[in-house]
Amino acid sequence: MTDTARQRAIEPVVEGPADRARPRLDIARWRDLSLVPVIFVLGVIGFIVSPAFLTEDNLIGVVQQSTELGLLVLGEALILISGRMDLSLESTIAVAPVVALWLVLPAHGARFEGLGLLPVWTAIPLCLAVGAAIGAANGFLMLKLRVNGFIATLGMLTMLRGLQVGISEGQSIVNVPESFRYLGKADWLGAPAAVWLCLGLYAIGGLALAYLRHGRALYAIGGNPEAARAAGIRVDRITWIVLSAGGLLAAFAGVLYTGHYGSVAATQGNGWIFQVFAAAVIGGISLKGGRGTLFGALTGVLTLQLVVNVMTLGGVPPLWNQFINGSIIIVALIISRYASGEKQD
Amino acid sequence: MTDTARQRAIEPVVEGPADRARPRLDIARWRDLSLVPVIFVLGVIGFIVSPAFLTEDNLIGVVQQSTELGLLVLGEALILISGRMDLSLESTIAVAPVVALWLVLPAHGARFEGLGLLPVWTAIPLCLAVGAAIGAANGFLMLKLRVNGFIATLGMLTMLRGLQVGISEGQSIVNVPESFRYLGKADWLGAPAAVWLCLGLYAIGGLALAYLRHGRALYAIGGNPEAARAAGIRVDRITWIVLSAGGLLAAFAGVLYTGHYGSVAATQGNGWIFQVFAAAVIGGISLKGGRGTLFGALTGVLTLQLVVNVMTLGGVPPLWNQFINGSIIIVALIISRYASGEKQD
Amino acid sequence: MAAVEQPTAVRARRIVKRFGPTVALDRAQLAVAPGEAHALVGRNGAGKSTLVSVLTGMARPDEGEVTFSGEPAPRYGDTAAWRAKVACVYQKSMVVPELTVAENLYLGRFPGSGRIRWPELREAARATLAEYGVEVDPRTRAKDLGVEQRQFVEIARALSFGARLIILDEPTAQLDAGGIDRLFARLAELRAQGVAFLFISHHLQEVYELCDTVTVFRDARHVLTAPVAELPKEDLVAAMTGDTAGAPGVDSRAAVRAPVTRRRAEPGGEPVLRTEGLCAEGAFAPLDLVVRPGEVVGLAGATASGNTAVGETLVGLRRPDGGRLAVRGRPVRTGSVPHALDAGIGYVPEDRHRQGLVPGRSVAENATLTVTDQLGPYGTVLPSRTRAFAQRMITSLDIKTAGPSQSVSGLSGGNQQKVVIARALAREPSVLVAIRPTAGVDVKSKDALLGVVREVAAAGSGAVIVSDELDDLRVCDRVLAFFHGRVVAEFDSGWTDRGLVAAMEGIAERDTERATERDMAGAPGGARDATHTGHQGGHDGTGGRTS
Amino acid sequence: NRESDGAGGGKVGIDMPRTDTDFWNSYQQYLEKGIDKGTVSALPLSNSQNDISKLVANVQAFSDQGAKAIVMAPQDTGAVSSTLERLEEKKIPVISVDTRPDAGKVYMVVRADNRAYGTKACEYLGKKLGGKGRVAELQGDLSSINGRDRSRAFASCMKKKYPGITVHELPTDWKGDVASAKLQSLLAQHRDIDGIYMQAGGAFLQPTLALLEQKELLKPAGSAGHITIISNDGIPEELDAIRSGKIDATLSQPADLYATYALKYTRAALDGKTFKPGRTDHGSEIVKIENGLEDQLPAPLVTKENVDDPALWANQLEKKK
Ligand SMILES: Nc1ncnc2c1ncn2[C@@H]1O[C@H](COP(=O)(O)OP(=O)(O)OP(=O)(O)O)[C@@H](O)[C@H]1O
Ligand SMILES: Nc1ncnc2c1ncn2[C@@H]1O[C@H](COP(=O)(O)OP(=O)(O)OP(=O)(O)O)[C@@H](O)[C@H]1O
Ligand SMILES: [Mg+2]
Ligand SMILES: [Mg+2]
């Protein structure tokens with residue numbers, strides 16, 4: 001039977017199967033590393049423009065300045081991976097500390113007058129709780145009322161910023177208790193505590209996404225929520241938790257920010273959300289969900305911060321600062337796109 | 001495998017329920033009207049807080065204030081419908097007039113010194129050309145280099161704003177030629193020319209989207225680019241045209257803005273892009289592409305502007321202004337979600 | 001190659017197409033004569049769909065050339081020009097979900113110039129679809145359509161624009177029997193007008209029925225082209241699989257078939273699945289269903305008969321309006337997938353793209369999505385175990401993939417389906433609920449997959465197959481036929497195609513009439529009676545067995 | 001580049017708070033002039049784009065490059081405190097321009113008193129309107145200290161001295177289009193506005209004039225129905241508007257003095273000089289503040305009478321061109 005079949009074949013099969021399916025295991029890994037060449041190029045430029053670039057002081061400075069943005073990006077990355085977005089993180093970083101301090105600071109005696117309802121040591125837990133509650137409120141809007149997440153969190157952003165202005169009367173809060181400032185300004189083992197904390201949280205997050213079932217579930221939820229649901233993943237519940245975690249991380253970023261800069265700035269986080277998205281997306285996280293790693297997001301943060309650092313060291317004229325900043329971002333994007341060899345969309 | 005298809009189908013099928021999807025005929029229409037109740041509620045509130053609300057002066061004022069934002073939203077809506085996004089519109093509205101004026105204004109004699117290369121009457125065409133060129137550049141980044149559109153246009157936003165600051169040295173340009181200002185300040189038939197122009201462009205856009213094959217193609221491209229390509233639609237070319245049209249509309253908004261406010265402000269359009277997205281999305285345009293109408297987008301713009309108007313008339317205390325603004329947006333979103341009866345995502 | 005070229009509608013020569021390291025087409029060739037109905041067959045991942053993309057201008061081949069009627073093909077990227085030469089129904093859904101049916105039908109080629117006249121267009125769309133027996137309002141959005149209706153929209157689009165060459169990539173995979181019949185009738189008309197077809201299907205019977213010539217691809221290469229009439233089915237299968245003298249293929253089929261005739265559900269065993277009065281308003285009437293260990297129960301029904309809804313309710317995707325559900329005697333909370341899963345209900349969804357796969361994630365991750373709790377201690381998921389687990393699945397289901405870490409998006413359609421089945425089997429379910437489990441799966445794999453279902457049953461679990469494919473239902477011990485949400489008949493394993501099809505289409509044959517009437521009368525016990533009597537062997541005559 | 005080695009004592013780091021306003025651009029031009037003259041030798045200027053975290057990053061980069069003194073204009077006065085502490089540890093003196101940091105040691109604050117702006121504007125309007133009428137106040141951003149100081153001083157002065165005047169506070173985030181929209185709404189409600197206080201002429205002047213023109217409310221000063229307008233900043237366009245009678249007055253925020261004295265005090269700091277509270281030689285007064293000293297530069301009220309005074313920074317600017 002087969003013989004006749006062979007005969008009828010117009011052309012005989014000449015060669016055995018070629019290298020038909022050599023595993024290209026690591027394309028996903030490559031994508032995560034696509035900013036590494038960019039960082040390298042920035043490093044070389046930094047080294048050329050100023051000898052100060054490679055000093056320990058400068059590099060630690062860059063990393064420390066990245067911590068608060070980094071934590072926001074961490075939260076946003078988790079949210080984006082699970083297919084949602086939260087713009088309000090930019091306000092949470094400010095309003096959570098303000099609310100916490102408002103509850104704990106004494107009602108009289110300083111420029112900013114709180115309610116003095118709770119002991120001072122509760123400030124940090126309160127702040128984190130406020131952050132988580134904001135995330136949960138976003139979750140309520142998106143998951144229960146099923147309204148559009150972009151607008152809901154944009155409304156939240158405005159509302160929370162307004163709440164902060166209302167409570168603080170637009171002032172920075174300077175009389176921050178020492179306990180609240182500690183984490184943002186302490187040094188541990190020769191580097192700022194904030195750096196260790198931020199790296200630690202990234203590591204925990206990265207490990208959870210790679211090795212925990214609930215972490216891995218985020219990719220499924222972001223990639224195809226219906227398939228995730230059909231596979232028995234509690235999509236809504238996990239999304240809700242992720243949104244709360246995002247708020248919590250933003251609140252924690254607020255604690256570090258407050259310690260780092262010595263006060264709750266009135267404009268704390270103002271306009272950061274673009275940076276947050278930029279860092280996440282340039283680091284390989286998809287706005288459509290289900291794709292990206294925290295390592296990539298971290299390289300995104302460092303890239304953005306290095307650009308600022310190198311430009312400052314290079315003495316770019318202030319008037320053209322922004323222009324060059326934008327150009328570098330576009331060039332970095334193109335480099336990373338060709339380094340990863342993948343089309344983006 | 002012994003059965004035959006013939007056997008399987010013995011007789012013509014008595015087709016199942018034909019009404020499987022009949023009842024929801026006009027849901028798309030409803031969705032476009034979902035902000036109408038919101039506008040109505042805002043109107044009632046406006047009427048209650050101040051008798052001035054319903055005066056012709058006030059209402060025309062609201063519409064006029066909406067024109068520049070409205071044109072940006074028109075451009076962004078087209079781009080979003082075809083499944084892309086362009087953040088740089090917020091800079092285009094300022095940089096296009098600046099570049100145009102830089103090319104036409106005399107090199108000496110005024111505070112802002114141009115190059116005086118071209119006659120003054122070319123200012124408006126030049127401005128529009130610059131806008132279209134910026135859109136085309138975005139198209140090049142997204143369609144040829146295939147980099148991520150969000151970051152590419154975010155980089156563009158920063159770069160163009162920087163270009164504007166660089167050229168204008170951060171100043172507002174006050175010595176704008178009268179021809180350039182005319183459209184933004186003239187009155188035609190008792191209403192500002194800008195209002196007629198804006199409504200006209202919306203009408204043209206709306207009709208094109210509804211009745212022209214290239215207009216319809218935007219929905220196909222945004223809804224499923226692969227299917228559009230398979231159907232013989234020139235996806236890349238049309239996307240490119242839409243991006244350029246978006247830039248052009250933003251530049252035209254810049255012309256109107258300049259006339260309306262009397263100068264090219266240094267901060268023209270600063271921070272508008274959020275408003276643009278908010279108006280588009282609250283008006284029913286999907287960030288994921290392929291969905292929404294220009295009528296919806298227009299109601300979105302009016303809603304946002306009415307909120308500001310009503311709050312001003314109501315004399316909201318300045319400290320709580322932003323808070324209330326945010327809350328109203330969230331409430332409006334919830335109302336429109338229930339008015340349309342559709343879950344959003 | 002022949003020295004003298006016959007005129008061809010389309011000819012592809014020495015096409016090479018690579019996806020990264022995967023060679024999807026290796027110097028493949030194909031020629032379709034004008035007016036010919038040409039079949040293209042091959043196992044999953046043989047490169048059929050890739051060739052279709054090349055022939056329709058959707059993919060640029062790395063090497064090789066395509067000609068239409070002897071002229072070179074249009075420039076790559078100018079899809080509009082390609083559309084003038086060839087129309088196509090792709091394997092992947094190519095509708096725009098947000099647009100209306102009418103618009104999807106005329107996508108990219110609105111008639112006339114100037115403005116679009118919607119009312120006329122809708123009327124034309126309604127008429128066109130009516131030819132295929134699809135009665136939907138043309139203003140419905142495509143995403144609100146059922147799978148089959150959506151498929152017909154795509155078919156109608158390809159067929160209705162006067163192309164002289166039409167490519168159909170597994171058009172029947174989503175259609176029920178009636179639909180296939182209507183499609184074939186239409187194709188016959190077009191053939192009479194001299195239109196050429198390239199037809200891809202895993203239902204070899206359809207190939208014999210429809211086509212003149214068949215081309216077989218295997219492992220990215222062209223293997224054989226022959227007149228259908230001269231090629232017995234065994235040879236065709238052998239050419240596809242590369243086996244000598246058809247031995248393993250036949251063996252595996254025998255292995256699958258054997259239990260069908262041999263096995264009997266042992267009566268008296270504690271049922272693995274039992275429903276009492278399970279009902280969903282507007283979808284299906286109260287249903288009492290009992291599945292015993294070792295038993296495979298088929299829920300047969302055409303489009304919108306409610307059988308799919310039953311399946312989705314069993315797995316917790318739909319919340320029923322009433323009734324109870326128990327697995328191995330333990331009640332299961334309805335309407336919750338995690339509870340159903342924990343209780344031991346495995347699920348193969350109907351639409352793998354919508355509910356089955358997470359695109360962009362690896363095969364391993366997709367295959368282990370339901371068992372992440374078993375891949376490591378303390379809620380961890382160890383990559384080594386994941387890989388090992390996935391590798392086992394790949395081997396046992398014969399999934400053609402570059403490895404566990406390949407992205408599922410890069411698999412061929414049939415292999416994607418296998419990944420979805422792997423996902424359901426991963427938990428070793430007590431009951432496997434599979435909706436059209438073999439959609440788009442090649443002959444050999446189909447037998448293998450159904451064999452797997454039988455094995456699951458043989459190991460003491462139960463299985464429910466929701467399908468209208470007789471091949472799927474053939475492995476069942478018992479088949480319930482649904483019509484308009486009700487069980488209208490129950491068949492024991494010895495059913496004939498004719499009887500089952502008749503029941504599915506609501507045409508009560510003599511023997512099924514009684515059951516139907518009883519059910520329609522709304523006696524709550526009707527379905528239960530049928531079930532009870534059914535599993536005892538159908539001796540009392542309620543089973544729709546025709547003789 | 002710009003650095004000149006005329007004077008010894010090491011380099012100075014200078015941060016621009018932003019470059020997208022006339023005011024700060026003029027400031028930068030004066031700074032560069034001063035540096036060219038060799039008052040100090042500076043590292044390349046940086047720009048913190050109105051973002052405190054960028055400011056901190058820039059300052060850190062300066063100190064990494066060995067800056068011996070730092071000139072900054074922190075737009076958030078709270079959040080620089082820990083940076084100031086760090087700089088104090090490193091013994092780097094800081095000259096703060098335009099704003100007074102809430103905490104943290106500064107060598108000298110060089111600024112005009114923003115409260116004085118608010119009060120002067122209130123007094124001018126109060127006098128012009130005769131203590132009654134209706135005034136619109138185009139506020140800045142409530143979370144900027146300068147805006148807040150102006151608003152508060154204006155409000156408390158109005159309340160105390162001119163209770164007969166109704167004030168409508170319109171927060172605008174320093175945005176001209178927002179100001180125009182809100183003013184337009186207010187005009188629809190109350191066409192009888194008698195006065196306007198613009199907290200930033202740079203942002204609000206043109207939009208306001210364009211709106212009033214459109215509404216035919218722009219009557220020359222002195223004629224009936226004229227709306228009394230006082231602005232703030234002292235940019236050239238404001239002076240033009242005063243000359244042509246479109247607006248009545250402005251408070252000239254001395255960009256030139258900011259730059260000149262910022263550099264002078266930097267020089268002094270590098271040379272190890274110290275200052276004491278008291279009147280200065282340039283018509284201002286140094287006052288003691290919690291964390292250092294503040295030189296409160298004069299902010300002259302510019303009206304039709306003194307609009308051509310060559311001492312005004314905007315007039316010098318025009319000469320330069
Ligand atoms: N986009 C892609 N990226 C990577 N690999 C791909 C891609 N598309 C197809 N392949 C690979 O090319 C090979 C051929 O796939 P193709 O879809 O043509 O198979 P097929 O014959 O149509 O199979 P089926 O019958 O299952 O539809 C498969 O090995 C598949 O994994
Ligand atoms: N979400 C829903 N809302 C309202 N009615 C529905 C819904 N889903 C299904 N139905 C109705 O329930 C009936 C059975 O639907 P079901 O999905 O079970 O059909 P089916 O046999 O699976 O059809 P198909 O093969 O097209 O998927 C149909 O009449 C359908 O109109
Ligand atoms: Mg295929
Ligand atoms: Mg079905």
Side-chain angles (χ1 to χ4, degrees), chain A residues 83-85 87-88 91 141-142 145-152 154-167 169-170 225 271 273-275 277-278 281-282 286-288 300 317-334 336-338 342-345, chain B residues 83-85 87-88 91 141-142 145-152 154-167 169-170 225 271 273-275 277-278 281-282 284 286-288 317-334 336-338 342-345:
Chain A
R84 301 277 172 173
M85 57 169 70
L87 304 177
S88 68
S91 306
L141 289 171
M142 291 187 224
L145 302 186
R146 295 275 165 197
V147 299
N148 178 289
F150 178 84
I151 301 291
L154 182 56
M156 268 295 202
L157 184 159
T158 313
M159 197 181 89
L160 293 175
R161 180 68 63 192
L163 184 67
Q164 177 210 346
V165 170
I167 293 179
E169 299 183 340
I273 197 67
F274 266 135
Q275 297 241 52
F277 275 84
V281 176
I282 206 174
S286 163
L287 287 180
K288 292 179 181 154
L319 265 184
W320 292 96
N321 194 305
Q322 229 180 334
F323 178 74
I324 293 173
N325 197 339
S327 322
I328 295 182
I329 290 178
I330 293 180
V331 172
L333 183 66
I334 295 174
S336 90
R337 178 245 180 276
Y338 282 97
E342 253 196 9
K343 287 181 184 176
Q344 304 166 338
D345 51 310
Chain B
R84 302 277 171 173
M85 55 169 73
L87 304 177
S88 67
S91 306
L141 289 171
M142 291 187 224
L145 302 186
R146 295 275 166 197
V147 298
N148 178 290
F150 178 84
I151 301 290
L154 182 56
M156 267 298 203
L157 184 159
T158 314
M159 199 181 89
L160 294 175
R161 179 69 64 194
L163 183 67
Q164 176 212 345
V165 169
I167 293 179
E169 300 185 336
I273 198 67
F274 265 134
Q275 296 242 56
F277 274 84
V281 176
I282 207 175
S286 164
L287 287 181
K288 292 179 180 154
L319 267 183
W320 292 97
N321 194 303
Q322 224 181 339
F323 178 76
I324 294 174
N325 196 338
S327 321
I328 295 182
I329 289 178
I330 294 181
V331 172
L333 183 66
I334 296 174
S336 91
R337 178 246 182 277
Y338 283 97
E342 254 200 6
K343 287 180 186 176
Q344 304 165 337
D345 52 314

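The sequence lines fix the lettering, A, B, ..., with proteins before strands; numbering per chain opens at 1. These numbers come from the heavy atoms of this one structure, side chains and all, not from hydrogens, waters or symmetry mates. Here the structure is a predicted model, which is why all the values come from computation and not from measurement.
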A side-chain contact here means heavy atoms from C-beta on lying under 4.5 Å apart; do [X] and [Y] qualify?
X	Y	value
A:F274	B:L154	yes
B:W320	A:L163	yes
B:L145	A:L333	no

Measuring from atom [atom1] of [X] to atom [atom2] of [Y], what distance do you get when rounded to the nearest 0.5 angstrom?
X	Y	atom1	atom2	answer
A:R337	B:L141	CZ	CG	11.5 Å
A:I151	B:I330	CD1	CD1	10.5 Å
B:N148	A:L287	CG	CG	6.0 Å
A:S327	B:M156	OG	CE	9.5 Å
B:Q322	A:Q164	CD	CD	8.5 Å

With a 4.5 angstrom heavy-atom cut-off, which part of A:Y338 approaches chain B: side chain, backbone, both or neither?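 For A:Y338, side-chain heavy atoms alone lie under 4.5 Å from chain B.
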
Measuring heavy-atom distances to chain B, does A:I334 have an atom under 4.5 Å in its side chain, in its backbone, in both, or in neither?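 Both the backbone and the side chain of A:I334 come within 4.5 Å of chain B.
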
Is chain A contacted by the side chain of B:L160, its backbone, both, or neither, given a heavy-atom distance below 4.5 Å? neither

Applying a strict 4.5 Å limit to non-hydrogen atoms, the region of B:L319 in contact with chain A is both

Taking only residues two or more places apart in sequence, or in another chain, which ones meet B:I328 in a side chain to side chain contact (heavy atoms under 4.5 Å, CB included)?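 Testing B:I328 for side chain to side chain contact (heavy atoms under 4.5 Å, CB included), a comparison that skips the adjacent residues, returns B:L42, B:V307, B:M311, B:I324.
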
